[in-house]
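Input: a single structure, listed below in structure tokens.
So you know, we letter chains A, B, ... as the sequences are listed, proteins then strands, and number each from 1.
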2 protein chains.
Amino acid sequence: MPRIVGQIDQAKSQAILDAAAEVLGTGGLSAPMDEIARRACVSKQTIYNHYGSKAELIRAIVDRRVEQIAAPLMAPGAQEHPQEALAGFGRVMLELVLRPLGRSMLKMTVQAADDMPDLARAFYEAGPQTSRRRLAEFLRQETLAGRLAVDDPDQAADFFAGMVIGVRQISGLLGVEQTATPEAIEQVAQEAARRFMRAYGVD
Amino acid sequence: MPRIVGQIDQAKSQAILDAAAEVLGTGGLSAPMDEIARRACVSKQTIYNHYGSKAELIRAIVDRRVEQIAAPLMAPGAQEHPQEALAGFGRVMLELVLRPLGRSMLKMTVQAADDMPDLARAFYEAGPQTSRRRLAEFLRQETLAGRLAVDDPDQAADFFAGMVIGVRQISGLLGVEQTATPEAIEQVAQEAARRFMRAYGVD
DNA sequence: GGAAAAATGGACTCCAGGGTCCAGACCATT
DNA sequence: AATGGTCTGGACCCTGGAGTCCATTTTTCC
């Protein structure tokens, strides 16, 4: 309720968000505010000055993520060979999903989904939905250009995204350790793109 | 701690588990024990007689699910045409993931993963991992039999599972509504199988 | 029918954690 | 140097919910 407009420290706001994302992401949503304060080297009161409640703090974290998330998810460019474009897109998705920040962000949002359905939906639209949309659009263009033969671009996009991500997303949510070397990421993206081309190539 | 061996009502144990799965699944892990008791038409004390604590109750729920889960996940039979077998396998996976019980179970386990990593791992192994293993084994056999050309069965199995499940699992976790008619399930399974055959068929 | 165990329900304890308050320190700006 | 704002840290209040207790009733088994 108390709208803050005074001489508030903007950099401190970010530090708090960072700390909160870190703590809530690893320890779960039930991690205490005191720990966030400690981690941010800030008094608890200050957190309540910047964000009015724990719920709003969580909102702010997810909101910020929602802003960042769509940026790297640009549709593949039509100038390169479609297989290369797909592989590139796949690599970006994989990194988004596998990077610690991405993993903990998703976990947080899932945990919050019960109490803040709108938040979860915003996250969903910014992440999973946007990525599929952009990819589907690319597939549509390539099909028009005669370089692919995709009859249902939305479904095909979901197929490709599913191949790339595979079991990794949910194993991440379940906290099962997995090695994700850059080489492994590259290999998966490449192979998925290759197989996708066979499945949807022009004859 | 208090091991129960007396004349305890076995059917009541199940009723409690059912109610708990329902309540914790929809309301989240933070749903109060009193509500579970009410839903199970049982006094709170009784729950503590059967299971010693909330944590153990959750364990019991997941354990039971772990038992059930592997059963329908038999590897496709080699007698039918591989495409049909794949479609059938895909259908089973989809239903496992989309059915309300499956969704709430996964959500529960994800929420519990922070505090009970072993539990989450058991769930992972019984579900996602087992399904991929069985499917991979099938692909290996079919390749040996010359009906498919799969070089990396584990990866291919993950690809197929990813195609079938797609965005649905995480949209379920995020509480985004989605229509999952039997026809839609069937269509996705069929189409995924068809495309997979093109991607991995013998020339 | 009677004894042992289990179930009931409702009151009770206890505590972690969200949120508040306050007194003093620390800036800015005027 | 004075005023209006923020920051600190630590004590503090308060609530929800886990878990316990208990007197009474019901069930089960001999």
Stepwise side chain to side chain donor-acceptor pair (under 3.5 Å) test for Gln169(A) and Gln169(B): CA-CA 10 Å; Gln169(A) 192 159 46; Gln169(B) 192 158 46; over 6 Å; no

Polar pair under 3.5 Å, donor/acceptor by atom type, side chain Lys44(B), base dG9(C):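 There is none.
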
Flag for Asp18(A)-Gln14(A): side-chain donor and acceptor within less than 3.5 Å: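 Note: Gln14(A) and Asp18(A) side chains miss the donor-acceptor criterion.
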
Grab the [atom1]-[atom2] distance between [X] and [N] for me, whole Å please.
{"X": "Leu29(A)", "N": "dG17(C)", "atom1": "CG", "atom2": "P", "value": "13 Å"}
{"X": "Lys54(B)", "N": "dA16(C)", "atom1": "NZ", "atom2": "P", "value": "16 Å"}
{"X": "Ile36(A)", "N": "dG17(C)", "atom1": "CD1", "atom2": "P", "value": "12 Å"}
{"X": "Ile47(B)", "N": "dT8(C)", "atom1": "CD1", "atom2": "P", "value": "9 Å"}
{"X": "Leu24(B)", "N": "dG17(D)", "atom1": "CG", "atom2": "P", "value": "13 Å"}
{"X": "Asp34(B)", "N": "dG9(C)", "atom1": "CG", "atom2": "C1'", "value": "11 Å"}
{"X": "Ile16(A)", "N": "dT6(D)", "atom1": "CD1", "atom2": "C1'", "value": "12 Å"}
{"X": "Glu56(B)", "N": "dA18(D)", "atom1": "CD", "atom2": "C1'", "value": "14 Å"}

Nearest-nucleotide 5' precedence on DNA chain C, Gln45(A) against Met33(A): Met33(A)

Geometric class of the Phe196(A)/Phe160(A) ring pair [parallel <30°, tilted 30-60°, perpendicular >60°]: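 Perpendicular.
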
Side chain of Asn49(B) - closest among dG19(D), dA6(C), dT8(D): dA6(C)

Closest to side chain of Ser43(A), choosing from dA18(D), dG19(C), dG9(D): dG9(D)

With a cut-off of less than 4.0 Å, is there a side-chain N or O of [X] near OP1 or OP2 of [N]?
{"X": "His50(A)", "N": "dC7(D)", "result": "yes"}
{"X": "Thr46(A)", "N": "dT8(D)", "result": "yes"}
{"X": "Ser53(A)", "N": "dG18(C)", "result": "no"}

Touch class at under 4.0 angstrom, heavy-atom based, for Ala31(A) against every strand present: sugar-phosphate

Touch class at under 4.0 angstrom, heavy-atom based, for Lys12(A) against every strand present: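 Lys12(A): backbone/sugar contact only, no base atoms under 4.0 Å.
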
Electrostatic pair Arg132(B):Asp154(B) at N-O distance under 4.0 angstrom: no

Considering all heavy atoms, the nearest Arg198(B)-Gly201(A) contact: NH2-O, 3.3 Å

